[in-house]
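These numbers were taken from a predicted model, which means no experiment stands behind them.
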Amino acid sequence: MFARVALAALLASAPTPHTRVVSADPVDYTPHVLDGIVNAITVVGRTVVVGGSFSEVSDAARETVYPRANLFAYDLATGRIVENFAPVVPGPVHGLAAGDLGTVYVGGEFAGVNSTRSRSLAKLKLSDGSLVPGFTPRIRGGMVSALVRQGSKLYVGGDFIGPRTALAALDATTGEADPAFDITPGKALTPRVKVYALAATGHRLAVDGSFTTLGGHSRPQLGLIDISGPTAAVAPWRTEAYAGKCMKAFPSYVRGLDFSPDGRYFAVVTTGGPRGGMCDTAARFETYATGTRIKPTWVNATGGDSLYSVSVTGAAVYVGGHQRWLNNPKGRDSAGPGAVSRPGIGAIHPVTGKALSWNPTRERGIGVKAFYAHRSGLLVGSDTTRLGREYHARIGMFPQP
């Protein structure tokens, strides 16, 4: 079991590159989420904020139970639950992003916070869980599934219809929609278009979802937006990797994505069922490649199990879902030649695309829905209680060795 890591290493609030793969032994002091599922994690200063669909949490020793309505916070260095932060969010939380001056953006499926109207998106103070005055986004007609903060902009994805359809750029202070950002996902594979995941680097915003066009350009389920200038534009980057079909139950199947710390490449994970191709895979793409048929640098297949989340640290590409195997392109809901056991969580070499030896294991359940990499380790959120062969209910952290 791992002792508390040094406090000095825990003060970073943003994801940072790792030079080594994290330990396979989780720290002992993270709290527990006692029911439901964790969908999102972010870190603000030295505070971890956790969102999902749950009603109770406890301290690491399981001595004190705290009622929490789909959102709570704890100290990154000690695991101590922040008692003053107990906002009432009457619906699932799907996205989180760190704000300035001790605040956090919260997105999901809710009509308000603390009995005050704030549909699907809110900005809260960590000091007391109250709404930040002056932040008044006008999300309507649907949920928020993904958030990413980049400078003065807050990028929001979901299946909402206003102020834009499924994708919007908001002023991070006021919540007002940027009138110049008019890139709309379209030609949906599902009854209504939905953005599943967002990730940003200095010059690019990556978007995936149930669309086949982005700003009128053909972008099957995945596209990049150039956000380097005063006006955003669809980047000259297109892949047909996700134009193929998976099982009928998954008309759209691209789920999590994340950029490398230097922004040169990004990784994408999918669901889809045991059909081969890009179904149930992790893949690396080069950010600044151009063309209409960009191919993945590598693909790693599970052989029929869904991946939902990915975190790229430089040392590894961590993937999570309810997979049984990696290195399994020939598997069809089975272990094919070369498959390696990686239940629920695994790490892939960022250059070779092959599974690393790191294998802490995880109780599989639905799967990992949230990763957050920071200077001291890798936070993991899911729906199960066993992580690294220990009891860590729905939240845990693998430290840097």
Report the residue from Asp383, Leu387, Val380 that forms a side chain to side chain contact (heavy atoms under 4.5 Å, CB included) with Val368. Val380

Thr270, Ile366, Thr271 screened by side chain to side chain contact (heavy atoms under 4.5 Å, CB included) with Ser306, the one that passes: Thr271

[X]-[Y] aromatic ring centre distance below 6.0 Å:
| X | Y | answer |
| --- | --- | --- |
| His32 | Tyr391 | yes |
| Phe398 | Tyr318 | no |
| Trp237 | Phe266 | yes |

Give me the atom names and distance for the closest heavy-atom approach of [X] to [Y].
| X | Y | result |
| --- | --- | --- |
| Ala373 | Ser311 | CB-OG, 3.6 Å |
| Ala97 | Leu147 | CB-CB, 4.1 Å |
| Gly142 | Arg192 | CA-NH2, 4.2 Å |
| Leu356 | Ala316 | CD1-CB, 3.8 Å |
| Pro163 | Ile139 | CD-CD1, 3.8 Å |
| Ser252 | Gly209 | CB-O, 4.3 Å |

Short side-chain to backbone donor-acceptor contact, [X] and [Y], under 3.5 Å:
| X | Y | value |
| --- | --- | --- |
| Asp178 | Ala169 | no |
| Arg342 | Gln323 | no |
| Asp159 | Val193 | no |
| Thr212 | Lys187 | yes |
| Arg394 | Phe54 | no |
| Glu56 | Pro67 | no |
| His18 | His374 | yes |
| Trp325 | Asp333 | no |
| Arg149 | Tyr155 | no |
| Asp171 | Thr173 | yes |

The complete set of disulfide bond (SG atoms under 2.5 Å apart) pairs with one or both residues in residues 187-289, sequence neighbours excluded, reads Cys246-Cys279

Going by disulfide bond (SG atoms under 2.5 Å apart), name the pairs with one or both residues in residues 85-159, residues two or more places apart or in two chains. none

Set out, in order, the CA-CA distance, both residues' side-chain angles and the distance that settles side chain to side chain contact (heavy atoms under 4.5 Å, CB included) for Leu222 and Val207, then state yes or no. CA-CA 6 Å; Leu222 176 66; Val207 185; over 6 Å; no

Non-hydrogen side-chain atoms of [X] and [Y] separated by less than 4.5 Å:
| X | Y | answer |
| --- | --- | --- |
| Arg324 | Pro343 | no |
| Val113 | Val106 | no |
| Leu189 | Gln221 | yes |
| Tyr74 | Thr30 | yes |
| Arg80 | Asp59 | no |
| Phe211 | Leu167 | no |
| Ser145 | Lys194 | yes |
| Thr302 | Thr281 | no |

Any donor-acceptor pair under 3.5 Å linking the side-chain atoms of [Y] with those of [X]?
| X | Y | result |
| --- | --- | --- |
| Ser260 | Asp262 | yes |
| Glu363 | Thr385 | yes |
| Ser23 | Asp25 | no |

Determine whether Val43 and Leu379 satisfy the following criterion, side chain to side chain contact (heavy atoms under 4.5 Å, CB included), listing intermediate values before the conclusion. CA-CA 10 Å; Val43 177; Leu379 289 155; 3.8 Å; yes

Under the criterion side chain to side chain contact (heavy atoms under 4.5 Å, CB included), I'd like the reasoning laid out for Val50 against Leu71: C-alpha separation, chi angles, the key distance, then a yes or no. CA-CA 6 Å; Val50 181; Leu71 190 69; over 6 Å; no

Salt-bridge test for [X] and [Y]: reply yes if a basic N is under 4.0 Å from a carboxylate O, no otherwise.
| X | Y | value |
| --- | --- | --- |
| Asp75 | Arg46 | yes |
| Arg138 | Glu176 | yes |
| Arg204 | Asp226 | yes |

What is the distance from atom [atom1] of [X] to atom [atom2] of [Y], rounded to the nearest 0.5 Å?
| X | Y | atom1 | atom2 | result |
| --- | --- | --- | --- | --- |
| Thr136 | Lys123 | OG1 | NZ | 11.0 Å |
| Met397 | Tyr372 | CE | OH | 12.5 Å |
| Leu378 | Ile41 | CG | CD1 | 8.5 Å |
| Phe85 | Arg68 | CZ | CZ | 9.0 Å |
| Leu96 | Asn39 | CG | CG | 9.0 Å |
| Arg389 | Thr361 | CZ | OG1 | 4.0 Å |

Determine whether Ser218 and Arg238 satisfy the following criterion, side chain to side chain donor-acceptor pair (under 3.5 Å), listing intermediate values before the conclusion. CA-CA 8 Å; Ser218 174; Arg238 180 182 181 275; 3.0 Å; yes

Would you find more than 12 non-hydrogen atoms of other residues, nucleotides or ligands less than 6.0 Å from His203 atom NE2? no

Find out whether the Lys NZ or Arg CZ of Arg284 is both under 6.0 angstrom from the six-membered ring centre of Tyr265 and within 45° of the ring's axis. yes

Can you list the steps and then say if Gln400 with Val21 is a side chain to side chain contact (heavy atoms under 4.5 Å, CB included)? CA-CA 7 Å; Gln400 279 277 269; Val21 177; over 6 Å; no

Should Ser210 and Thr190 be marked as a side chain to side chain donor-acceptor pair (under 3.5 Å) after you check the CA-CA gap, both sets of side-chain angles, and the distance that decides it? CA-CA 6 Å; Ser210 66; Thr190 49; 2.9 Å; yes

Run the side chain to side chain donor-acceptor pair (under 3.5 Å) check on Thr297 and Glu286 step by step: do they pass? CA-CA 7 Å; Thr297 305; Glu286 307 309 309; 2.5 Å; yes

Do Ser55 and Asp35 pass the side chain to side chain donor-acceptor pair (under 3.5 Å) test, and can you show the C-alpha distance, the side-chain angles, and the key distance before you say yes or no? CA-CA 7 Å; Ser55 64; Asp35 58 353; 2.5 Å; yes

